[in-house]
Amino acid sequence: MSKRYWLMKSEPAAYGWDRLARDGGTVWDGVRNHTAKLNLQAMKVGDQAFFYHSVTGKEIVGVVEITRAGMADPKDDTGIWAAVEIKPVRTLERPVTLAEIKADPALKDIELVRQSRLSVAEIRPKEWDRILSMAKA
DNA sequence: GCCAACGTTGGC
DNA sequence: GCCAACGTTGGC
């Protein structure tokens, strides 16, 4: 199966990009939404994801890679919820803001905008490439 | 099983 | 601080 792309949201006040870069990787747990859980469970080792700062910033700041997939959420006693392990791959040369994404017709169907509350979303390969090219501009 | 009420998230 | 979107809960 070919590589898929994702987007993971975090409030910088709770766990930001700087923290992830300093930690060198982390277990992505605590997700309590079923759609997001399905996305976590669909992830494979080697898949990549954008790291998005919600609330403060509202921008994509970096790229992460899934280093461990199909985990149970270690903080969950019920066995319902899922987790993955991620590591930072690189910081974007320039963050891509939500405003820019919304303004771009090529990204009008992106899940980040269509379902703004979803904390773990899939990114289509075309959208992935588009956002990467915006980060270089 | 339906739906109104309520809680939470996150953008504005 | 407000509100829209969505999920969950509880009465019927």
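All chains are named by letter (A, B, ...) in the order of the sequence lines, taking the proteins before the strands, and each is independently numbered beginning at 1.
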Rounding to 0.5 Å, atoms CE (M8(A)) and CG (L118(A)) come to a distance of 11.5 Å
Assess the pair F51(A) and W28(A): is the distance between their ring centroids shorter than 6.0 Å?
yes
Tell me what R114(A) touches on the nucleic acid: a base, only sugar-phosphate, or nothing, going by heavy atoms under 4.0 Å.
sugar-phosphate
How long is the span from the CD1 atom in I60(A) to the CG atom in L132(A), to the nearest 0.5 Å?
9.0 Å
For dT8(C), does OP1 or OP2 lie under 4.0 Å from any side-chain N or O of H34(A)?
yes
Quick one: do D109(A) and R114(A) make a salt bridge, cutoff under 4.0 Å?
no
Filtered N/O pairs between nucleotides 10-12 of chain B and protein, under 3.5 Å:
from, atom 1, to, atom 2, distance (Å)
dG11(B), OP1, Y52(A), OH, 3.0
dG11(B), OP2, V55(A), N, 2.9
dG11(B), O3', K102(A), NZ, 3.4
dC12(B), OP1, K102(A), NZ, 2.4

Counting C-beta onward and ignoring hydrogens, is there a side-chain heavy-atom pair between T26(A) and L20(A) closer than 4.5 Å?
yes
Check this for me: does any side-chain nitrogen of one of R94(A) and E59(A) sit under 4.0 Å from a carboxylate oxygen of the other?
no
Following the transitive rule for hydrophobic clusters with a side-chain heavy-atom cut-off under 4.5 Å over Ile, Leu, Val, Met, Phe, Trp and Tyr, establish whether W6(A) and Y15(A) coincide in one cluster.
yes
From CZ (F50(A)) to CH2 (W128(A)), nearest 0.5 Å:
4.0 Å
Angle of first-five versus last-five pair axes in the helix from dG1(B)-dC12(C) to dC12(B)-dG1(C), to 10 degrees
10°
